[in-house]
Amino acid sequence: ADYGSSCDLERTEHVFREAGRTMETLAVRDVFNVRIPERLQKMKRSTRVVALASGGCGKTTIFLKHGPNEWANGRMWQQFTFVFALEFRNTKVQQAQNEVQLLGLDENGVMTGKQVQAVAKYIQQYPREVCVILDGMDEVNLARCSSFLSRVIRGQAMKGIHLLVTSRPSRQVFSLGKFDRSIEVVGFHEEEIRMYVEKVLPEDKSQELLQAIQKDSPLASMMATPFYAAAICETYLADGILPECMTDVFSSMMLRAISRSYSPPCYFADWAKVPEKSKQQICEIGCFAMQALLHRQYIFDEAELDKN
């Protein structure tokens, strides 16, 4: 969904909705089709696009994997000579000090050091032909990142490029000012839910799940989020019983995770059979998560996890 460049957005933590405008659907191939005045282009002004969505809606799949793959195969974004896909969670990305260090961390990793240096020089002459995708800004604290990366995001370094940033809606992303285009990844539509279910489940199970969704099962609203759709289908296949709610799904997933933590793996049919040591570890994780929620913290780095 495209919110344009001048819309007014409610700036609340993990709540994102447009104020006063109707959403328009937008194809991935068109996300960079933003009209920039010629005078600003001459100033080497970066075109900044932000893609927002709650966790599990497909931001990474669409923009870090699908988009660059389609570009590499000549199917879209052919206005770019180079497309670089980077993840914020990569600590080397967070601490990059210049163009060469940053671009050398591309997820595809197909360039040598000398080639990256050549591209860095190319950007100075033809910045409009370069696209940089930074995925998962909500997963880091920008205050802990290098000043260079912060300037890239604000359009103050690597000027003139096309930049796409993905993030959950958060105060941090809204603190960066207005982007040229703000879009929201809304997940699966009704027809896409049906297609996904029929693709991953056997016919009898797919029909049972689809019928439950049509009857307004508690799972119906969750199926629009790709991550939850996958979790529901995986649980149904593993347990052989259609889960009634997301609590059933998460409980089953946790049991399977605990089972795999043993060597060799041990299958626990229910929580009564889980060893006390594993139960204690789960309780500790739960207490840690509760304290984090009370402090409105949703993302953790390794240092914070080590403290607990």
Side-chain angles (χ1 to χ4, degrees), residues 1-3 9-10 12-28 31 51-66 135-136 138-139 166-170 182-259 268-271 282 285-286 289-290 292-293 296 298-299:
D2 178 20
Y3 294 101
L9 302 176
E10 286 204 349
T12 52
E13 187 78 23
H14 285 262
V15 174
F16 177 73
R17 68 182 180 86
E18 177 200 26
R21 287 187 56 179
T22 303
M23 291 190 300
E24 299 178 357
T25 57
L26 182 71
V28 177
V31 297
L52 301 171
S54 57
C57 276
K59 302 182 296 296
T60 297
T61 299
I62 293 172
F63 295 112
L64 196 70
K65 299 178 180 178
H66 173 72
D135 178 61
D138 55 286
E139 299 180 18
T166 77
S167 174
R168 289 181 177 90
S170 65
S182 298
I183 59 179
E184 182 182 12
V185 182
V186 296
F188 288 152
H189 293 292
E190 185 176 342
E191 179 60 20
E192 292 169 328
I193 293 174
R194 184 191 64 78
M195 291 172 60
Y196 178 80
V197 170
E198 291 180 346
K199 186 176 181 65
V200 301
L201 293 179
E203 185 175 354
D204 57 336
K205 285 183 168 56
S206 66
Q207 292 307 310
E208 184 179 359
L209 177 54
L210 291 172
Q211 289 174 10
I213 293 172
Q214 291 173 354
K215 293 178 181 178
D216 201 24
S217 158
L219 301 177
S221 62
M222 308 304 293
M223 289 295 294
T225 302
F227 172 80
Y228 292 138
I232 290 168
C233 291
E234 180 184 344
T235 298
Y236 191 10
L237 286 171
D239 297 347
I241 302 173
L242 183 65
E244 295 183 0
C245 59
M246 288 307 296
T247 299
D248 291 343
V249 174
F250 291 134
S251 179
S252 176
M253 291 176 66
M254 186 63 72
L255 280 172
R256 295 198 300 276
I258 294 172
S259 299
F268 302 114
D270 55 61
W271 284 97
I282 296 300
I285 294 173
M290 177 58 72
L293 286 174
R296 300 179 68 81
Y298 312 105
I299 305 298

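Bear in mind that the values here come from a model prediction, so they are computed numbers and not experimental data.
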Novice: Using modelled atom types and a 3.5 Å cut-off, is there a donor and acceptor pairing between side-chain atoms of Thr225 and backbone atoms of Gly56?
Specialist: no
Novice: Check this for me: Phe227, atom CZ, are more than 12 non-hydrogen atoms of other residues, nucleotides or ligands nearer than 6.0 Å?
Specialist: no
Novice: Could you tell me if the side chain of His189 sits less than 4.5 Å from the side chain of Val186, heavy atoms only?
Specialist: yes
Novice: Do Ile183 and Leu52 come within less than 4.5 Å of each other through their side chains, counting heavy atoms only?
Specialist: no
Novice: Please determine whether the number of non-hydrogen atoms from other residues, nucleotides or ligands lying under 6.0 Å from atom CD of Glu190 exceeds 12.
Specialist: no
Novice: Hey, does Phe188 have a side-chain heavy atom less than 4.5 Å from the side chain of Val197?
Specialist: no
Novice: Answer yes or no: are there more than 12 heavy-atom neighbours, outside Glu244 itself, under 6.0 Å from its atom CD?
Specialist: no
Novice: Please indicate whether Met254 has more than 12 foreign heavy atoms, meaning atoms of other residues, nucleotides or ligands, lying under 6.0 Å from its CE.
Specialist: no
Novice: For a quick test of reading the model, state the closest non-hydrogen atom pair linking Pro243 to Asp248 and the distance between them.
Specialist: CB-CB, 3.9 Å
Novice: Salt bridge check, Glu139 against Arg168: does any charged N sit closer than 4.0 Å to a carboxylate O?
Specialist: no
Novice: Please confirm whether the backbone N or O of Leu255 pairs with a side-chain atom of Ser259, one donor and one acceptor, at under 3.5 Å?
Specialist: yes
Novice: Hey, does Tyr228 have a side-chain heavy atom less than 4.5 Å from the side chain of Met223?
Specialist: no
